[in-house]
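The block underneath contains the structure these notes are about, expressed in structure tokens.
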There are 2 protein chains.
Amino acid sequence: MTGNTPDGPTAPPLDAGPRRSSPATLEDVARAAGVSLATASRSLNGSSRTVNADYRSKVLDAAARLNYSPNLSAQAVARGSTMTVALVVADITDPYFSSIAAGVVAEADQGRLIVTMAATERDSERELEIVRTLRGQRPKVIILAGSRREGDPSQAALKSELEDYERAGGRVVLISRNELGFRTVQIDNASGASALAASLVELGYRRFSVLTGNRELKTAADRLDGFTAELERAGIRVEADRVVQSAFTRDGGYEGMQTLIAAGLQPNEAVFAVNDVMAVGALSALRDAGLTPGADVAVAGFDDIPTVQDVWPTLTTVTVPLVEVGRTALRLALEDADAAAVSAGSPVATSVVVRDSTPRRA
Amino acid sequence: MTGNTPDGPTAPPLDAGPRRSSPATLEDVARAAGVSLATASRSLNGSSRTVNADYRSKVLDAAARLNYSPNLSAQAVARGSTMTVALVVADITDPYFSSIAAGVVAEADQGRLIVTMAATERDSERELEIVRTLRGQRPKVIILAGSRREGDPSQAALKSELEDYERAGGRVVLISRNELGFRTVQIDNASGASALAASLVELGYRRFSVLTGNRELKTAADRLDGFTAELERAGIRVEADRVVQSAFTRDGGYEGMQTLIAAGLQPNEAVFAVNDVMAVGALSALRDAGLTPGADVAVAGFDDIPTVQDVWPTLTTVTVPLVEVGRTALRLALEDADAAAVSAGSPVATSVVVRDSTPRRA
DNA sequence: CTGTTAGCGCCTTCAG
DNA sequence: CTGAAGGCGCTAACAG
């Protein structure tokens with residue numbers, strides 16, 4: 001039980017090395033360069049003011065020699081603003097969110113911004129709490145991915161929290177649906193779902209079910225509505241008992257499909273899962289029930305996450321440029337009000353991709 | 001071209017609201033509570049010192065009333081240290097990394113830590129650059145997921161950069177393989193691959209190929225070595241031309257399998273892809289070539305990312321508790337040297353899961 | 001226990 | 001163009 005290391009030859013020297021050499025400060029650099037603090041600051045960090053080229057290079061030298069790196073916290077305090085963008089998602093392992101995150105991160109480092117990340121685990125109270133603690137960071141931007149819930153009591157609190165934040169100069173961007181009155185990267189869920197419905201009808205399907213996830217999620221509701229609206233236009237009604245609610249996750253899709261199967265599948269039926277992870281779960285449920293997805297029952301999803309091209313059958317879905325959505329969100333946040341008013345107007349383009357999970361019916 | 005908003009009734013009021021009400025400062029709180037700055041600080045933020053209960057509650061009241069939120073940057077400057085943990089991954093959309101990230105994030109908010117994220121895009125020069133700019137944040141912890149490259153020239157620079165960082169009081173944790181002499185969450189890639197090989201042999205396979213990704217990646221190399229070593233123990237040699245290199249990604253797996261197919265598949269062959277995303281790509285390549293994975297050729301992967309249970313056939317693989325690895329990484333970083341020496345010693349447990357992609361051979 | 005007072009590292013007027 | 005000085009929000013000795 002003593003502190004000796006119990007492992008092999010590659011054990012790291014956890015406690016080696018000299019003690020605490022703190023990073024060089026601007027003052028160190030200034031002194032080393034023989035100039036004042038102000039001059040050092042001006043030549044190192046982007047000041048609009050010009051500095052004698054001589055001094056300037058002396059400072060740059062000294063900085064390099066001392067391996068100087070400006071303390072961002074100190075800069076933030078002095079400047080009164082940070083270079084941080086805070087991203088809050090429901091679940092990082094969900095490809096929907098990780099794709100968006102990738103976009104945000106990619107765009108961020110083109111602007112020397114730092115992105116911090118938090119996960120709500122799909123709990124809107126946690127989301128509120130997260131946004132509250134986020135304030136401490138004084139981020140320049142807050143991006144909220146993942147959709148709001150219908151009639152959620154914490155929504156009002158969230159909204160006012162975000163409004164306070166904007167009033168203090170911050171910028172919030174929502175992804176998916178413009179519900180709270182902030183800038184948002186709109187995804188036209190309803191019309192995407194409508195287009196999908198139209199495609200399925202064209203392929204010869206006449207009987208439909210939908211795995212609608214949590215119907216209180218506005219995204220889910222919009223997709224369901226768009227889908228059924230188009231079907232009605234085509235004279236097709238989807239029975240109330242063929243719309244099943246479950247979690248907005250892979251397992252939710254799996255379970256939803258199980259209840260559909262238990263209720264009895266219809267001949268030539270197509271089931272629309274309101275997102276791809278659910279659809280993928282649904283495929284597995286079919287298989288585990290001894291059915292062949294595609295042949296026995298068609299399945300379609302929404303989002304076009306990367307994995308749907310590797311499941312079998314490959315999944316028919318509605319493409320959403322998720323990574324681009326992430327980039328756009330950050331860009332939108334950084335624009336000034338006028339430009340943002342314009343760009344926030346048009347939803348990102350979606351399109352349906354027909355793959356093997358919805359073969360044409362004779 | 002004017003600034004009017006070109007969209008529907010739900011257009012957000014992008015420029016509404018009163019101007020710039022900055023957040024309350026500690027001083028505001030102190031004044032409102034009628035106490036000194038110091039007292040306010042002591043009762044609000046975790047000081048070891050005690051404060052008169054009366055004053056204390058006055059301060060708490062005032063803080064609540066003013067909706068006070070401590071400025072973390074200012075705290076960082078004053079305290080000389082941040083609450084930030086920086087996570088650098090290769091690619092956020094890769095389930096391997098997003099699972100780890102989820103673990104880090106989950107663990108972080110149990111400790112009121114903030115996690116920032118950056119992506120190297122699998123470019124080790126970018127990784128070095130990222131670590132360098134990370135210094136500005138003065139993070140308490142840097143976690144590097146994604147493995148080093150054999151003989152990479154920037155490795156030395158990275159190492160010394162990280163050493164400087166530790167010398168300044170920071171803590172670095174590596175994931176996967178202990179190569180640079182820092183704390184690391186070890187994943188026993190070699191023995192996991194050996195166990196997998198043993199299982200496959202037991203299932204009746206005698207001919208093998210491996211999709212080895214980028215062989216310069218130590219993780220890939222270790223898995224390859226462990227796999228072939230076990231086979232040799234069983235008296236089986238894998239021909240040099242049956243080990244194909246390609247990218248360490250889904251597409252790499254796809255392409256690798258294509259070249260394997262082109263070179264001619266062997267009867268009852270099993271191909272080991274050194275990670276799951278590659279294996280999944282390989283499955284698709286087989287299918288696109290008109291073959292049936294599992295029946296025509298067995299496939300196995302490594303990592304046990306979530307999606308491998310939803311592909312068909314479900315994938316035989318080596319389970320790595322990725323989310324837990326993320327949590328462990330952060331925990332390890334926060335431990336003191338003695339404790340860390342102990343925990344860093346033992347690799348996380350892996351185990352092989354046999355699924356449908358490697359049916360038993362007669 | 002409380003308040004005063006230096007800083008922390010950096011930026012930014014403001015005089016020279 | 002340069003340097004001195006004040007300030008950003010907060011913490012931590014240091015006296016009372």
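Because the structure is predicted, anything quoted here is derived from the model rather than measured. Below, chains carry the letters A, B, ... as their sequence lines are ordered, and counting in each starts from 1. Worth knowing before you read on, the calculation uses all heavy atoms, side chains too, and leaves out hydrogens, waters and symmetry mates.
- A donor N or O paired with an acceptor N or O is found under 3.5 Å between the base of C/dG3 and the side-chain atoms of B/R42.
- Checking C/dC10, D/dG3, C/dT4 against the side-chain heavy atoms of A/Y55 singles out D/dG3 as nearest.
- Rounded to whole Å, atom P of D/dG7 lies 18 Å from atom CG of B/N71.
- In this model, the phosphate group of C/dC10 is not approached by any side-chain N or O of A/N45 to a distance below 4.0 Å at OP1 or OP2.
- Comparing atom distances between the A/S41 side chain and each of C/dT12, D/dC10, C/dG9 picks out C/dT12 as nearest.
- Place A/T25 and B/L37 on DNA chain C by their nearest nucleotides, and B/L37 ends up nearer the 5' end.
- Considering only heavy atoms from C-beta on, B/I100 stays 4.5 Å or farther from B/V89 through its side chain.
- When distances run from any side-chain atom of A/L26 to the nucleotides D/dA4, C/dC10, D/dC10, the shortest one goes to C/dC10.
- Taking 4.0 Å as the cut-off between side-chain N and carboxylate O, A/E335 and A/R331 do not count as a salt-bridged pair.
- A salt bridge is absent between B/K58 and B/D61; no separation between the charged side-chain nitrogens and carboxylate oxygens falls under 4.0 Å.
- Between the P atom of C/dG9 and the CG atom of A/L44 lies a distance of 16 Å, rounded to the nearest Å.
- Atom CD in A/Q137 sits about 16 Å away from atom C1' in D/dG9, given to the nearest Å.
- In this structure, the OH atom of B/Y68 is 10 Å from the P atom of D/dG9, given to the nearest Å.
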For a side-chain contact (heavy atoms from CB on, under 4.5 Å) check, start with the C-alpha distance between A/Q75 and B/S73, then their side-chain angles and the critical distance, and finish with the verdict.
CA-CA 9 Å; A/Q75 285 190 160; B/S73 293; over 6 Å; no
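- Nucleotide C/dT13 holds its P atom 12 Å from the CZ atom of A/R79, rounded to whole Å.
- Distances were taken from every side-chain heavy atom of B/V51 (C-beta onward) to each of C/dT2, C/dC11, C/dT4; the shortest belongs to C/dT2.
- Both B/G34 and A/E27 sit near DNA chain C, but only B/G34 has its closest nucleotide nearer the 5' end.
- The backbone N or O of B/N67 sits less than 3.5 Å from a side-chain atom of A/R135, completing a donor-acceptor pair.
- Atom pair B/R31:CZ and C/dG3:P shows a separation of 14 Å (rounding to whole Å applied).
- Relative to the side chain of A/A38, the nucleotides C/dG3, D/dC8, D/dG3 differ in distance, and D/dG3 lies closest.
- For B/R138 against C/dG9, a side-chain-to-base donor-acceptor contact under 3.5 Å is absent.
- For A/Q75, whose side chain is taken as the heavy atoms from C-beta onward, the closest listed nucleotide among D/dT2, C/dC10, C/dG9 is C/dC10.
- When distances run from any side-chain atom of B/T39 to the nucleotides C/dC10, D/dC10, C/dG3, the shortest one goes to C/dG3.
- Each of D/dG3, D/dC10, C/dC8 was ranked by its minimum atom distance to the side chain of B/V77; first place goes to C/dC8.
- We find that CZ of B/R56 is positioned 11 Å from P of C/dT2, with the value rounded to whole Å.
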